[in-house]
Amino acid sequence: MEPLLASSLPQKDLKLLQCKIIHKEWFTPKIVRLRFDEPHIAKLSNPGQFINIKVTDNYVPLLRRPFSIHRVDRENGWFEILFKVIGMGTQALAQHEVGARLDILGPLGNSFKILSQNDSAILIAGGLGIAPLLFLAQELVQSKISATLFYGNRSKDEVCTVKDFDELGVAHFLATEDGSAGLKGRVTELVAAKKNMVVQSNSMIYACGPNPMLQRIKEMMEKMNKVCQVSLETLMACGFGVCLGCVVNSTSASNPYKYVCKDGPVFYTSEIDLRE
Amino acid sequence: MNRLAVTIGNLELKNPILTASGTFGYGEEFAALIDLNRLGGLVTKAVSSEPRAGNPLPRIAETTCGMLNSIGLANVGVKNFIADKLPFLKKLDTRVIVNIAGKTIDEFASVISEIEAAGGVAGYELNVSCPNVKEGGMSFGASAQITALVTAKARLITKACLIVKLSPNVTSIGEIARAAEAAGADALSVMNTVVGMAVDIATKRPKLATITGGLSGPAIKPIAIAKVFEVTRSAKIPIIGIGGIMSCDDVLEFLITGATAVQVGTANFLNPQISEQLVTDLENYCQQNNIQDINQIIGSIQVK
Ligand SMILES: Cc1cc2nc3c(=O)[nH]c(=O)nc-3n(C[C@H](O)[C@H](O)[C@H](O)COP(=O)(O)OP(=O)(O)OC[C@H]3O[C@@H](n4cnc5c(N)ncnc54)[C@H](O)[C@@H]3O)c2cc1C
Ligand SMILES: Cc1cc2nc3c(=O)[nH]c(=O)nc-3n(C[C@H](O)[C@H](O)[C@H](O)COP(=O)(O)O)c2cc1C
């Protein structure tokens, strides 16, 4: 039987850091990108990994907030996060200005697997699911794997960072629910419309977004016989495998749960069951 | 002389700062972040005889100055604990206390027996008080009689420090404390989490799959202080104070109320270096206030 809590080994590069904000960029009144001066994370992290931030220096909110590493500059020693203000913690985080130092734990979690047998990659993002995919695109380009982005949002003004994908040479296709940019509909419908592209190429599929979207992508990719990796989000307390709070249902009969912070956040869709 | 040294039963601790079960893994998770050997001791995640997968999701929810959990004692089981976790713990120069969970009195006993055979631990903390696992409608810690039976049976098996962890979710914590003491416990951990509940107003569903869970964090500290105080009036064995400790002031508050040592729980999630920091802070406090022996503070509460 496979052990229930297998991979609880300490993460060797894990550090508690005080990171200075060196750049802040608003995309919409709710979506913001923060850049931190921090060579440790810039140099040692891999796409898919995340950090856990103490967003205030009091107990409100009490717990840290996890965010994917969005982009790194290994040479200049900075990394970025991209997030949306949805509640108390992200609200507090968005109020910090350039020059502020934040208490950051990282890098945490596993990372997207980039395999040499794949000559191309398809990236599928729903909303803020775009965040970890820019870092992934950076690494894919480094590894000479050509990437294409399918990116869905509610409307045109929420579409962000595509310029950075363009600069990396990653082609993109958009979908918006209100039809204000690209295909009118959800990103899953965009993927269905571009099915030929997905099926024909020898590509790895990478996806990030809300769970219902990822479950749909999982079902679609299974039908197309494509291997797919997804990056998951759950509520989380510690971020490094101690509290055992961040569970997701697994597909293994002997091991009913996986822990997003240490078994993930990246999983092959065959490992997990995201149905409600 | 080490002015922070305290004694719990037959156990000498280099300082009164321990880490609480379920918030510190099996120690090794923190090895990259702190010097574990500076701690007075650490308490492991619960260990049961078989591996346990734990409760369905969602298992945690945040509340004002606190968090609810219903982890359900997910753990590797005693065999994996001995094979994979104990070798690391044995190498540490700190007191290792294993938190024991069981569905039956016999399960508590058999887990302790297996660990005794492997050796290398300083004590056991009997978790008769987890609010998240109820067996056959019987919640162990709610009954003085069953607490006494579990404790007495464990006492027959081990000479190591035997600590009984009490629940606040009972009619009289003092009565249960007395029962554990009479049955041979060396010390009492006060307290486990407080039963709590939160509801999502959008979905109208409870925020935890198990509906209720255990509240921890700064929100529960006043409850824990009151329970420590109550237990000092009922039992004479040392008390380990637990509940919402975030700062050195909080540690002092527990010691003054009558706890001989403390455990730091939820605070480890916010600041994984807090336990070691508290040792430093307590040292500094004693130095600045010219306290030669921390035992001078313990139980120094003034009640008219
Ligand atoms: C590994 C990981 C990586 C992440 N990366 C990013 C990222 O790059 N960018 C980004 O914007 N967000 C990311 N998130 C989500 C982010 O952590 C949450 O948005 C944030 O914690 C919300 O905090 P809050 O206090 O603002 O909201 P809260 O006040 O805690 O919650 C507001 C509402 O949102 C819901 N909610 C909170 N967190 C989540 C979640 N994770 N999934 C679904 N619903 C949730 C709550 O139930 C509540 O209804 C990531 C999460 C994880 C686990
Ligand atoms: C996520 C989590 C898991 C826990 N698991 C256990 C456990 O396995 N055994 C146990 O005796 N107590 C467990 N506890 C209770 C703590 O050890 C402690 O008694 C409680 O959290 C109160 O202290 P705090 O407010 O400092 O966290 C757990 C608490 C939390 C938050």
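What you see is a predicted model; the values in this text were computed from it and never measured.
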Interface moiety of Phe88(B) toward chain A, non-hydrogen atoms closer than 4.5 Å: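 No part of Phe88(B) comes within 4.5 Å of chain A.
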
If I take atom [atom1] from residue [X] and atom [atom2] from residue [Y], how far apart are they, to the nearest 0.5 angstrom?
| X | Y | atom1 | atom2 | result |
| --- | --- | --- | --- | --- |
| Ile60(B) | Cys243(A) | CD1 | SG | 5.0 Å |
| Thr64(B) | Met88(A) | OG1 | CE | 6.5 Å |
| Leu57(B) | Cys246(A) | CG | SG | 10.5 Å |
| Cys238(A) | Phe24(B) | SG | CZ | 11.5 Å |

Measure the shortest side-chain to side-chain distance between [X] and [Y] over non-hydrogen atoms and say whether it is less than 4.5 angstrom.
| X | Y | value |
| --- | --- | --- |
| Leu105(A) | Leu33(B) | yes |
| Phe269(B) | Arg64(A) | no |
| Val60(A) | Cys65(B) | yes |
| Leu270(B) | Lys54(A) | yes |
| Pro218(B) | Leu62(A) | yes |

Kindly check if the number of other-residue, nucleotide or ligand heavy atoms within 6.0 Å of [atom1] ([X]) is above 12?
| X | atom1 | answer |
| --- | --- | --- |
| Glu50(B) | CD | no |
| Lys15(A) | NZ | no |
| Arg65(A) | CZ | yes |
| Lys30(A) | NZ | no |

Derivation of the side chain to side chain contact (heavy atoms under 4.5 Å, CB included) call for Met67(B) and Leu63(A): CA-CA 8 Å; Met67(B) 67 177 278; Leu63(A) 299 172; 4.1 Å; yes

Taking every non-hydrogen atom, the tightest pair across Ala74(B) and Tyr259(A):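 That would be CB-OH, 3.7 Å.
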
Chain A interface, residue from Gly217(B), Gly66(B), Ala61(B), Pro58(B) that has the most non-hydrogen pairs under 4.5 Å: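 Greatest number of close heavy-atom pairs with chain A: Gly66(B).
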
From Asn52(A), Leu14(A), Val242(A), Leu16(A), residue fulfilling side-chain contact (heavy atoms from CB on, under 4.5 Å) relative to Pro272(B):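 So the option named by the test is Leu16(A).
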
Step-by-step salt bridge (Lys or Arg N to Asp or Glu O under 4.0 Å) determination, Glu276(A) to Arg205(B): CA-CA 13 Å; Glu276(A) 274 272 306; Arg205(B) 288 195 210 157; 3.6 Å; yes

Phe240(A) backbone acceptor or donor facing Glu29(B) side chain under 3.5 Å: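 Not confirmed, Glu29(B) side chain does not pair with Phe240(A) backbone.
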
Under 3.5 Å: donor-acceptor pair, side chain of Arg59(B), backbone of Leu244(A):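 Checked: pair present.
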
